[in-house]
Every structure is written in structure tokens, then in C-alpha cells.
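Just so you know, these numbers use all the heavy atoms, side chains as well, and skip hydrogens, waters and symmetry mates. All residue numbers in this chain count up from 1 along the given sequence.
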Amino acid sequence: MRFKTSEMKVVILQHDIKWACPADNQKHLEELLLRQPKADLYVLTEMFSTGFATEPEGIAEKDGSSLTWMKRMASQLDAALAGSVATEENGKFYNRFYFVEPDGNVSHYDKRHLFTYSGEDKRFTRGGKRAIVEFRGVRFMLQICYDLRFPVFSRNKGDYDAMIYVASWPSSRVEVWKTLLKARAIENQSFVIGVNRVGKDSKCEYQGGSAIISPYGQTIAAIDDFQEDAALAVLDMNGLEAFRKKFPVLGDGDEFKIKD
């Protein structure tokens with residue numbers, strides 16, 4: 001067996017967000033996290049500390065307060081914690097996905113596909129590189145919301161076992177979200193972890209649709225729409241390895257190169 005563990009326990013948190021109030025959101029999420037069962041990984045949403053901001057001036061964090069909070073919680077939970085934060089660095093703004101491990105190690109991915117429909121591309125700096133993190137023997141690809149619509153960038157090159165999508169995906173297009181989560185799992189022979197927020201901001205309503213999908217395209221954990229709640233799934237890593245050996249789809253894919 002390639003994996004260091006036969007099972008990876010993942011908790012997804014579908015939560016509301018108080019606009020531009022990191023301290024309040026951290027406190028609320030801490031209460032939710034501490035009520036959850038023991039897991040290896042806990043996943044929050046896109047811009048979990050502020051809500052989705054297309055005009056980040058005065059909202060994006062420069063002090064790293066949410067990252068500091070994530071490190072504390074990961075240590076307390078003895079688990080990884082994942083989610084994106086609107087971040088300002090050297091005068092530039094990033095929609096940055098942090099993957100924080102219990103020992104304090106931090107990996108990050110800057111959103112590549114900025115949402116032009118809302119103007120996210122006008123203020124934020126586009127990321128370039130894929131980000132794959134190995135944690136407890138399982139390889140996770142980090143993705144944010146609109147990235148879900150672009151399968152070439154996320155195509156599995158045999159270099160990951162699960163994808164994580166954190167999102168602020170509005171109710172008006174939620175069926176697209178649910179459909180594409182399954183498509184990405186099937187075509188990449190990978191687990192897909194999709195976490196979307198609930199609640200409202202000044203522009204949109206969000207109904208969630210958070211779920212964990214198996215490499216067969218089956219939903220193995222889900223949260224009811226419009227509900228702030230959590231769900232646990234156990235990723236069967238031995239089963240994934242056996243499936244890939246029995247049905248070697250990934251080896252038949254087309255070769256390609258993505259330009260940065």
C-alpha cells in the first residue's frame with residue numbers, strides 16, 4: 001500500500017459568514033469546530049473570515065490574523081485545517097487557500113481563475129501554479145470556487161488523491177456546482193471535497209450544496225441546502241488504490257502542458 005493510512009477522516013463545515021468581521025467569524029467557527037467528531041482534516045469555505053470580497057481594500061488581511069487562528073486550531077484539533085482568506089501582501093491582493101497542518105506547517109494556493117463576472121480579476125492577483133499538499137500520506141490538490149469550471153488545470157497527472165474546492169457559489173448556479181463536483185471526481189478518479197457557504201451578503205444568497213464525492217461519482221457525505229451544519233466522511237484509500245489498479249483511466253489521458 002502506498003498510503004500511510006488506510007482511512008482519511010474529513011469533516012466539511014457549511015457555514016454562514018458575517019461580512020468583514022474576521023474576529024466574529026473565527027469565534028463562530030471555533031465553536032463549530034470544537035463540536036465536531038475527531039478527524040484528520042477540517043475544511044472551511046472560501047474567504048471564511050470575511051465573506052467573498054471583490055473590492056478587498058480595507059477587508060483583505062495584512063496581519064495574518066486568520067492564519068494565526070488556523071494554526072492554533074489545527075494544533076488544538078491535531079488535524080489539518082483548510083480554507084481561503086482574502087490576503088494583502090506587498091500591496092497585492094490574493095484569494096489565498098491555506099492548508100495548515102497541526103505542527104504549524106503551512107501550504108497555500110493562490111486562486112488562478114479569478115471570477116471576471118463579479119470583477120474579482122480587477123483587484124486580485126491571479127495565481128499561477130498548481131498546489132498539491134501531502135498530509136498523512138494523502139495528496140490533496142487545492143482549488144477555489146470558479147476553478148471548478150476549468151478541468152484542464154485540475155487534470156489528474158497521477159499526482160493527487162483528493163481535490164478540495166472551497167467556495168462562495170451562489171444559489172442561482174448551485175446545480176452547476178453540484179454537477180461539476182461529480183464530474184471532477186469521475187474524470188480524475190479522485191475524491192472531491194466541496195465546501196460552499198450558506199447565508200447572504202449584499203449581492204448573493206448561498207444555499208451550500210457541500211459534499212464529499214467518491215472517485216465513482218457517488219456522494220458519500222452531504223449537508224442539506226441552506227443549513228449551517230457539518231458532515232464527516234471516511235476516505236477509503238485502499239479502495240482508491242484498488243480502483244485505480246483495476247480500472248487505470250489516468251494512464252490513458254492525453255498529454256498536455258498548461259502555460260502559466
Quick one: closest heavy-atom pair of V166 and G83, and the distance? CG1-CA, 4.3 Å
Looking at D16, D201, T45, N196, which hits side chain to side chain donor-acceptor pair (under 3.5 Å) with Y206? D201
For atom NZ of K27, decide whether the heavy atoms of other residues, nucleotides or ligands shown that lie under 6.0 angstrom number more than 12. no
Counting only heavy atoms not in K38, do more than 12 fall under 6.0 Å of its NZ? yes
Is the backbone N or O of [Y] less than 3.5 Å from a side-chain atom of [X], with the two atoms forming a donor-acceptor pair by type?
X	Y	answer
R96	A86	no
R112	G128	yes
N188	S190	no

With a 6.0 Å cut-off on ring centres, are F99 and H108 close enough? no
Do the charged groups of [X] and [Y] touch, with an N to O distance under 4.0 Å?
X	Y	result
E187	R155	no
K122	E55	no
R136	D103	no

Any residue meeting ring-ring contact (aromatic ring centres under 6.0 Å, His included) with F243, in chain and number order, not counting sequence neighbours: Y216
Check whether F115 and V85 end up in the same hydrophobic cluster, where Ile, Leu, Val, Met, Phe, Trp and Tyr are linked by side-chain heavy atoms less than 4.5 Å apart. no
